[in-house]
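Values below: all heavy atoms of this structure, side chains included; hydrogens, waters and symmetry mates excluded. No experiment lies behind these values; they were computed from the predicted model shown. Chain identifiers are assigned alphabetically (A, B, ...) following the order of the sequence lines, protein sequences preceding nucleic acid strands; residue numbering begins at 1 within each chain.
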Amino acid sequence: MDAQHDHPGNAARPVLEAPDIARVLTRIAHEIVERAKGADDVVLLGIPTRGVFLARRVAAKLEEITGRAVPVGSLDITMYRDDLRMRPARALARTDIPGDGVEGRLVVLVDDVLFSGRTIRAALDALGDIGRPRAVQLAVLVDRGHRELPIRADYVGKNLPTSLRETVKVQLAEEDGRDAVLLGVKRTAPAGER
Amino acid sequence: MLCSPGDTSRTPRHLISAADLTRDDAVLILDTAEEMARVADRPIKKLPTLRGRTVVNLFFEDSTRTRISFEAAAKRLSADVINFSAKGSSVSKGESLKDTALTLEAMGADAVVIRHGSSGAPYRLATSGWIDGAVVNAGDGTHEHPTQALLDAFTIRRRLVGADAGLGKDLEGRRVTIVGDVLHSRVARSNVHLLTTLGAEVTLVAPPTLVPVGVEGWPCEVSYSLDEVLPASDAVMMLRVQRERMNAAYFPTEREYSRRYGLDGLRMAKMPEHAVVMHPGPMNRGMEITAEVADSGRCTAVEQVANGVSIRMAVLYLLLGGSETALPSAAARTEENK
């Protein structure tokens, strides 16, 4: 959710390609099984849009590893954002909580990029209104730093130290036709504003 | 254009007429309402979205049903709600709409939901510059009741297309029949506009005395025979016979009206298997609808009430949820007509 669009004029450099993404997701799935000692009570909740696709991919890998289907859903955090009043009202995405709910389960939130941490704060609030999980963990494909809240990820695909002038964009086959993590340079302000 | 002169930072955001909505606006509202409906199924039926915002229900006409619906919607979004009913207020002492509006503005109302006996009162409030907040029309005279039309469209889409399958879809090719007192019905007027925008074909069925002048200009068909239209209807919307507005003899007897335009079990059997019966409530059982039909599984009257809360949550969220409205065309058209 925190990924930013890069400007077409600035060439974005891929830092992860499709095979890398597949590999880090496999590693995250193994780490989840290891820390949860199996994945018996794990529920994966992806944060729309790309977090949902990542959650589904991790769930498929968990099923390969453990032989059991892992419930996977999506958690839209739009109505819990703290910047709602600062931007135009936006369309809501889908919230789908697996049938058995999250009560007493280990919920793993999945998102593409971890940046300020505000999206995850909103997700924790949203989750609190749905039920009371045993524990909540966070898995992200990329951690780009610059946290504004005391939040950290339990599973990180790639730590990507960035400057605030850079943009990180995640592309996934389901939405963008290809898998990649692109590092670009933010569009600079027009001359008059500098 | 702006809400108030001198304030260039605000975009106007109002919902005055169903005719102001484009197809995309309407589908966005229906899709948002679908997400809002899911909140009603949760243990905690509350969202923090409008925390700190104030919604005033300004009701110059009694309507417990609509007021409660807006109140529930605003409260589920954590807004503060002030209910203002004209009865027993300064309005009965002669205060004008303008002075009431200025009072609300001074109290910091972010949105005013207005029900008024005069057609055009919400439009006046939205375009006068008296208040900065959003204005939502909750029924004005015999003019419009846009959120009722939206909840009707939402109910039709849920029943005929499905809750999940309907996302992003309109009502293309569906045939909706609206029966009864079209003349006094703001619900009918709003529904004709909205359903047509969504691609549905609308037929009005009423005694000739209850068809408004100028109906030829409306984007719909008119028929005087309910029995002919029923077999080709996907949804049949029964309107309440508004006895309180009937100051002249519009039809000979209630019994005759009921026999020609009332919906009973026999008539319902002429409708296609999948067709639904709708009623905005309150129902005059035995008049426009029999108890048999009203209590059957095909009648959506109770669902419509629940859907009303979801639709009003969606409208309040889209108008107030961000720094600008998510329904720009509705706002722009209200300003254009100024």
With a cut-off of 6.0 Å (strictly less than), are more than 12 heavy atoms of other residues, nucleotides or ligands near [atom1] of [X]?
X        : atom1 : value
A:Arg27  : CZ    : yes
A:Arg13  : CZ    : no
A:Glu174 : CD    : yes
A:Arg68  : CZ    : yes

How close do B:Gly321 and A:Ala89 get, counting heavy atoms only, and between which atoms?
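Minimum heavy-atom separation between B:Gly321 and A:Ala89: C-CB, 4.3 Å.
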What residues of residues 93-103 of chain A sit under 4.5 Å from chain B when only non-hydrogen atoms are counted?
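So far as heavy atoms go, A:Ala93, A:Arg94, A:Thr95, A:Asp96 are the residues that approach chain B to under 4.5 Å.
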If you measure from [atom1] on [X] to [atom2] on [Y], what distance do you get to the nearest 0.5 Å?
X        : Y        : atom1 : atom2 : value
A:Asp129 : B:Lys46  : CG    : NZ    : 10.5 Å
A:Thr78  : B:Leu47  : OG1   : CG    : 10.5 Å
A:Leu92  : B:Asp31  : CG    : CG    : 9.5 Å
A:Arg85  : B:Leu320 : CZ    : CG    : 9.0 Å

I'd like to know if the side chain of B:Tyr317 reaches the main chain of A:Ala91, judged simply by a donor and an acceptor atom lying under 3.5 Å from each other, with no hydrogens or angles considered.
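Here the side-chain-to-backbone pair does not exist.
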Less than 4.5 Å to any heavy atom of chain B: does that hold for the side chain of A:Met86, its backbone, both, or neither?
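Backbone of A:Met86 only, per the 4.5 Å heavy-atom cut-off to chain B.
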B:Lys45 portion near chain A, given a 4.5 angstrom heavy-atom threshold
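Neither; nothing under 4.5 Å.
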Side chain, backbone, both or neither: which part of B:Arg53 has an atom under 4.5 Å from a heavy atom of chain A?
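Backbone plus side chain of B:Arg53, per the 4.5 Å heavy-atom cut-off to chain A.
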Do you know which of B:Glu35, B:Arg42, B:Glu34, B:Met36 has the most heavy-atom pairs with chain A at a distance under 4.5 angstrom?
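The option with the most such pairs is B:Glu35.
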Can you sort out the partners of B:Gln304 under side-chain hydrogen bond (donor to acceptor under 3.5 Å, both in side chains), two or more places apart, ordered by chain and number?
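For B:Gln304, the residues satisfying side-chain hydrogen bond (donor to acceptor under 3.5 Å, both in side chains) (neighbours in sequence not counted) are B:Asp152, B:Thr300.
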